[in-house]
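Working notes, structure below.
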Amino acid sequence: MDSLADAGSGGARVSALRGGVVLGTLTFVYVLNFLDRQLLTFLAKPIKDTLHITDGQFGRLTGLYFAFFYCFIAIPVGWFADRTNRVAVVSLACAIWSGATIAFGIATTYPQLVAARMTVGFGEAGGVPPSYAIITDTFQPGRRGFAFGIYNFGPPLGAALGVAFGGAIAIGFGWRAAFLTIGAIGVVTAVAAFLIMRDPPRGGLDLNAAGVASAYEKAAFWPTVWMFVTNPVLMLAALASGATQFVTYGLGNFAVLFLQESKGMTLADVSVWYALTLLVGMGGGIVISGRVLDAVTKRSRTGYALAPAIALAIAMPFYVAFVWAPGWPLALALLTVVMLFNYVYLSASVALVQDEVRPSQRVLCGALLLLVMNFIGLGLGPTYVGFASDWLKAQGHSHTLQTALYSITPFYLIAIALFLWLARVLRRESPSAAKVAA
């Protein structure tokens, strides 16, 4: 008996270790994903000064041009990954965006920057949706909120490292050296990820009514797309997340430039204090929200919607105060609170969508979630802020970037309303009915 118990506990330990390795590897890949993104926004001023580009051009570079490939390529990649080795797809995607990051570092004209950035978007499209599905098939229900909380810690950690590590390289050797270094690290990581991870069985941890794992069947492409766009839970989660991201990306892609131009921060200040703000605010919000979601959704699935709605209602006045703040120390303190609550939506929406659909639909539905929320948020948010700043400047206004950031505040209200609508739908829908609908 004792030997059997030891064997069983040993098997559990091996399983926990394997899950930790998979989650750690995927999180590090996600760190590199966002490290590259934050590096571009952090180095906005030297890049703008070197290549003489406007706020509008920078907004399109970090928003529309990147998002066009990132959002739409994710759909065929998701369909392909549902039918092939998801680990191989993640590794290849990491290699592509890392190579494009190197190309960005050697670009000498704005069109070359655009081409490199589009290629980064093409590569990053294959990173997140398969990772969502791998994590879901590695962790049992009831642990997935926490697992996604850890995975979604990748963006704040990557953003903070992009500011601190990338900033140190840029200050010492120039902005191009930062892109070359981080791109090279990504290529090595892509090879390591392929060698370390194994693709878990699809749906192996999802039990049917009889208490056994459901049989895995490949999902058809167009029926799955149609199911997503006609399912009110999935579409409301995607639209509410998109409205939230209009604020988070509209702010995030211009935050460093705003802090330097309007609040008086230097590049050295940003590399220390803004990095800490990202780590504590954005990172803390994502990790804590994962734990909170696991607790509240055990009682009711409405927690997936109510938690983000409440968090955004708290964040909104702090956001307005951040944009107003007269100096950067107060601005960063306020921004930390904003980030702490702004990112609760991420783990909530991802976990809800993955839980709502069949195992065979998870990668494609994860890609569809990213398509909707990132096209609205990542594609249009920074593009709008840059356009508004340039338009205001042409009209002779001062403090144009500050005014542009003020003008995206109503999207908080839109996001809150959509999440409350989602909560109402979830309240009417039992968990079993949701699964049948999927």
Side-chain angles (χ1 to χ4, degrees), residues 63 67 71 145 152 228-253 281-282 285-286 288-289 292-293 296-297 299-324 334-335 337-356 365 368-385 388 403-430 433-434 437:
C71 294
N152 286 326
F228 188 97
V229 300
T230 56
N231 185 314
V233 170
L234 300 178
M235 280 304 297
L236 281 171
L239 291 172
S241 298
T244 305
Q245 285 195 347
F246 196 95
V247 176
T248 60
Y249 278 114
L251 165 64
N253 285 17
M282 184 178 175
I286 288 175
I288 293 170
S289 68
V292 171
L293 286 168
V296 299
T297 55
R299 295 191 295 269
S300 172
R301 277 160 49 92
T302 58
Y304 285 122
L306 288 177
I310 294 170
L312 292 172
I314 296 171
M316 183 170 63
F318 286 93
Y319 170 77
V320 175
F322 156 73
V323 179
W324 162 84
L334 293 166
L335 183 59
V337 180
V338 172
M339 289 184 172
L340 190 66
F341 292 99
N342 260 4
Y343 291 92
V344 171
Y345 82 95
L346 188 57
S347 294
S349 295
V350 170
L352 175 60
V353 169
Q354 294 292 299
D355 184 61
E356 183 77 6
C365 286
L368 288 165
L369 171 66
L370 291 178
L371 167 63
V372 176
M373 71 181 189
N374 282 329
F375 185 77
I376 296 171
L378 177 58
L380 301 181
T383 303
Y384 165 77
V385 171
T403 305
L405 290 174
Y406 271 131
S407 70
I408 62 177
T409 307
F411 276 85
Y412 270 111
L413 299 175
I414 295 172
I416 292 168
L418 288 170
F419 275 120
L420 291 176
W421 187 0
L422 174 60
R424 184 178 179 183
V425 172
L426 289 172
R427 190 176 293 114
R428 293 199 309 261
E429 186 181 78
S430 68

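Only a predicted model underlies this, so the values are computations on that prediction, with no experimental measurement involved.
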Taking atom OH of Y412 as the centre, report whether more than 12 heavy atoms of other residues, nucleotides or ligands fall under 6.0 Å from it. yes
Heavy-atom pair with the smallest gap, counting every atom of L293 and G303: CD2-O, 3.8 Å
Starting from the C-alpha separation in whole Å, work towards a yes-or-no answer on side chain to side chain contact (heavy atoms under 4.5 Å, CB included) for Q354 and L369. CA-CA 10 Å; Q354 294 292 299; L369 171 66; over 6 Å; no
Those residues at least two apart in sequence (or on a different chain) that pass ring pair (Phe, Tyr, Trp, His ring centres under 6.0 Å) with F228 are none
Let me confirm one number: the CD1-CG distance from I414 to L239, rounded to the nearest 0.5 Å. 11.0 Å
Side chain to side chain contact (heavy atoms under 4.5 Å, CB included) for L420 and L306? Distances and angles first, verdict last. CA-CA 6 Å; L420 291 176; L306 288 177; 4.1 Å; yes
For residues L251 and L335, determine if any side-chain heavy atom of one lies less than 4.5 Å from a side-chain heavy atom of the other. yes
How close do A240 and A415 get, counting heavy atoms only, and between which atoms? O-CB, 3.9 Å
Between atom CG of L352 and atom OG of S241, what is the distance when rounded to the nearest 0.5 Å? 9.0 Å
Tell me, do L346 and M373 make a side-chain contact under 4.5 Å, heavy atoms counted? yes
How many angstroms lie between atom CZ of R424 and atom OG1 of T302, to the nearest 0.5 angstrom? 14.0 Å
Applying side chain to side chain donor-acceptor pair (under 3.5 Å) to T244 and not counting sequence neighbours gives none
State the CG-OH distance between L334 and Y319, to the nearest 0.5 angstrom. 12.5 Å
Taking side chain to side chain donor-acceptor pair (under 3.5 Å) as the definition, give me every residue that meets it alongside S407, ordered by chain and number, with sequence neighbours left out. Y384
Residues which pass side chain to side chain donor-acceptor pair (under 3.5 Å) with Y345, listed by chain and number, not counting sequence neighbours: Q245
The criterion is ring pair (Phe, Tyr, Trp, His ring centres under 6.0 Å); which residues satisfy it with F341, sequence neighbours excluded? none
Going by ring pair (Phe, Tyr, Trp, His ring centres under 6.0 Å), name the residues that satisfy it together with Y249, two or more places apart in sequence or in a different chain. none
Closest heavy-atom pair, N231 versus V233, reported as atoms and distance to 0.1 Å, is OD1-N, 2.9 Å
Can you confirm whether V247 sits close enough to M316 that some side-chain heavy atom of one is under 4.5 Å from a side-chain heavy atom of the other? no
Apply side chain to side chain contact (heavy atoms under 4.5 Å, CB included) to the pair I310 and F419, showing each step before the final yes or no. CA-CA 9 Å; I310 294 170; F419 275 120; over 6 Å; no
Distance-minimising heavy-atom pair for I416 and A309: CG1-O, 3.9 Å
Distance check, rounded to the nearest 0.5 Å: N342 atom CG versus I314 atom CD1? 11.0 Å
So CZ of F246 and OG1 of T383: to nearest 0.5 Å the spacing works out to 8.5 Å
Atom of A404, atom of V385 and distance for their closest heavy-atom approach: CB-O, 3.7 Å
Grab the two heavy atoms, one from I376 and one from G242, that are nearest each other, plus how far apart they are. CG2-O, 3.5 Å
Would N253 and L378 count as a side chain to side chain contact (heavy atoms under 4.5 Å, CB included) if you check the C-alpha gap in whole Å, the side-chain angles of each, and the deciding distance to 0.1 Å? CA-CA 9 Å; N253 285 17; L378 177 58; 4.3 Å; yes
